[in-house]
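All ligand and atom numbering here is 1-based and tracks the order in the structure. Just so we're clear, the structure is a prediction, and the values are computed from it rather than from any experiment.
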Amino acid sequence: MLSKQEIIQEAKRLRFADIGFTSAEPFTSQKEYLLKHQKEYGWAETIGLGLLAGTDPQNILPEAKSIIVVLESYFEESFPQAMERHFGRCYLDDDRVTKDGLALKIKIFRKFLQTHGINSKVPFNLPHRLSAAVPGLGTFGNNCVFYACRVARGSSFVLPVALVVDHEFLPDEPSVAVGCPDWCRNACVAACPTRALQGGGKIDPQRCISFLSYYGEGLTPLELREPMGLYVYGCDRCQNVCPRNINWMAKEKPLNPRVSAKAADFDLPRLLHMDKPYFEQKIWPHMFYMSFNDIWRWKMNVARAMGNSRNPAYVGELIRAFKENKDERVQCMTVWALGRIGSPEAMEGLRRFLKDSNGAVREEIEQAMASASVRV
Ligand code: SF4
Ligand code: SF4
C-alpha cells in the first residue's frame with residue numbers, strides 16, 4: 001500500500017503545486033448552506049450540476065475513505081493582455097475538453113494510484129475549494145475565492161482538484177477560515193461591478209459576471225450591461241484588485257505559448273461574426289459552458305463588450321452584425337453597443353435601422369439614440 005509520502009512525491013513529479021489529504025466525511029455544513037440558499041443556487045440543480053449530491057463523497061464513490069486534493073497553479077505563465085481583458089484567466093488554458101494539459105496530469109496521477117491498488121474518482125460536483133481548505137491547502141477570501149497557503153505566493157490563481165479514493169490516509173490539519181488581512185477594506189466587494197459580492201464572504205452567484213456571461217437568461221438587462229464591462233466569458237475583477245494577489249501578479253512570467261497560439265481565434269470581431277463550424281472547432285473546445293445553441297449569447301456578450309470599449313473601430317462590425325443576425329437578443333445588444341459608442345457613424349447606423357425595425361428592436365434603437373444624445 002502506498003504511503004502518503006510516496007503519493008506526495010508523485011504529485012511533485014507531475015508538477016502539481018501542492019497536495020493535501022482529508023477524510024471522506026460528508027460536507028454537512030456545505031449541504032446545509034446550499035439547502036438554505038436555494039434561491040441563489042437552485043439553478044445549479046436544474047441544469048444537472050448536482051451540487052447537493054456532491055456534498056457526500058459516498059455518492060461519488062460508495063467505498064470512499066479519503067479525499068486527496070492536488071493544487072494546480074494555472075497562472076505560472078502570463079496570458080496575452082488582449083485575452084485577459086475579455087476572459088477569466090482560469091478559462092484561458094482550460095483543457096477539460098482537449099485533455100492535453102492538466103487533464104493529462106490527472107490521468108497519469110490516477111493511473112499511478114490505480115497501479116498501486118487505489119481506486120479514485122474525480123467528481124466535478126464535490127465542493128472543490130472547501131475540500132482543499134479542509135486539508136490545509138489554503139484559506140478563503142471575502143470574495144469567496146480560494147487562496148493557496150504555501151504556493152503561488154499565497155494567491156488565488158490555483159485550481160483545487162479533488163480525488164475521492166477508496167483508501168484511508170491520515171488527514172492533514174484544516175485551514176477552513178477567511179485569510180484576509182485586517183487592513184484590507186473589502187476592496188473586492190467595492191470593486192464588484194454587479195454587486196454580486198455582499199461582504200462577509202457572501203455572494204449572489206446569479207449576479208456574478210461569470211454566471212451572467214455563460215448562463216444569463218435572455219437579453220442582458222439594461223442595468224447590468226455597463227457594469228459587465230469588457231468581460232465576455234468569466235470575470236477576474238475581484239481577484240485583480242485583491243492585495244493577496246499583488247505579489248503573484250507582479251512576478252515576471254513567460255508567455256503561455258498554448259494560449260498565445262489561439263489568441264487570434266478569440267478576437268472580438270471574429271467571435272461576433274462566427275458561424276457554427278467556427279464555434280465548434282475554435283471556441284467550444286476551450287470554453288464550453290455554452291452549448292452549440294447558445295452562439296447568440298456569445299455574440300450578445302461580444303457586442304456588449306464592444307459597446308463598453310467605446311471604440312469607434314467596432315462600429316462597422318456592429319453594423320454588419322445587426323444586418324446578418326436575425327436573433328433579436330443579438331440585434332438589441334448590437335444597437336445598444338452602437339448607442340454606447342455614440343460616434344457619428346454609429347448614430348447614422350441607428351437612424352437607418354430605425355426605419356425598418358419593429359417591436360423590441362425598435363424600442364432598443366430609440367433608447368440607444370436617446371441615451372447617446374444625452375451623453376453628447
Ligand atoms: S468575478 Fe466579477 S462579478 Fe463575480 S464576484 Fe468577482 S468581481 Fe463580482
Ligand atoms: S480584496 Fe481584501 S477583503 Fe477581498 S479577498 Fe482580497 S484581501 Fe480579502
Practice task
Identify which one of E226, M333, R340 satisfies the side chain to side chain contact (heavy atoms under 4.5 Å, CB included) criterion when paired with R304.
Solution key: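 Of the listed residues E226, M333, R340, the side chain to side chain contact (heavy atoms under 4.5 Å, CB included) partner of R304 is M333.
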Practice task
May I ask you to list the atoms of ligand 2 that are less than 4.0 angstrom from any heavy atom of P181?
Solution key: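 Once the distances to P181 are compared, the set is 7 (S).
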Practice task
Pick whichever of C192, A190, A196 has a heavy atom sitting closest to atom 8 (Fe) of ligand 1.
Solution key: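 The option holding the nearest heavy atom is C192.
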Practice task
Please state which part of F140 comes within less than 4.0 Å of ligand 2, counting heavy atoms only: side chain, backbone, both or neither.
Solution key: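 The answer is neither; F140 stays 4.0 Å or more away.
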Problem - Pair E280 + K276, salt bridge at N-O below 4.0 Å - result: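 Judged by the 4.0 Å cut-off on N to carboxylate O distance, E280 and K276 do form a salt bridge.
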Handout entry: Sidechain N-carboxylate O distance under 4.0 Å for R96, E72
Key =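 No salt bridge links R96 with E72.
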Problem - Partner of Y91 under side-chain hydrogen bond (donor to acceptor under 3.5 Å, both in side chains), chosen from Y74, Y289, Y233, Y214 - result: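 It is Y214; the other options fail the test.
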Where is the nearest protein heavy atom to [atom]: which residue, which atom, and how far?
atom                    : answer
atom 3 (S) of ligand 1  : I209 N, 3.1 Å
atom 4 (Fe) of ligand 1 : C208 SG, 2.4 Å
atom 2 (Fe) of ligand 1 : C235 SG, 2.3 Å

Practice task
Check which protein N, O or S atoms are less than 2.8 Å from atom 6 (Fe) of ligand 2 and report how many there are.
Solution key: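 Every protein N, O or S atom under 2.8 Å from atom 6 (Fe) of ligand 2 counted, the figure is 1.
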I'd like to know if the side chain of [X] reaches the main chain of [Y], judged simply by a donor and an acceptor atom lying under 3.5 Å from each other, with no hydrogens or angles considered.
X    : Y    : result
E6   : S3   : yes
S120 : V165 : no
D95  : A103 : yes

Practice task
May I ask you to list the atoms of ligand 1 that are less than 4.0 angstrom from any heavy atom of T194?
Solution key: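 Answer, ordered by atom number: 3 (S).
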Practice task
Output the list of atoms in ligand 1 that are nearer than 4.0 Å to some heavy atom of R237, sorted by atom number.
Solution key: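 Near R237, meaning under 4.0 Å from one of its heavy atoms, ligand 1 has 7 (S).
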Handout entry: Closest heavy-atom pair and its distance - P243, W183
Key =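 P243 and W183 have their closest heavy atoms at CB-CH2, 3.5 Å.
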Handout entry: Pair T139, R244: side-chain N/O donor-acceptor within cut-off below 3.5 Å
Key =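 Their side chains do contain a donor-acceptor pair, which is all the 3.5 Å distance test asks for.
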Problem - Modelled atom types, side-chain donor and acceptor of N301 and S213, under 3.5 Å - result: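 No, because no side-chain N or O of N301 sits under 3.5 Å from a partner of the opposite role on S213.
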Exercise for the section: Could you see which bit of L197 sits under 4.0 Å from ligand 1, with heavy atoms only: side chain, backbone, both or neither? Expected result: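 Side chain only.
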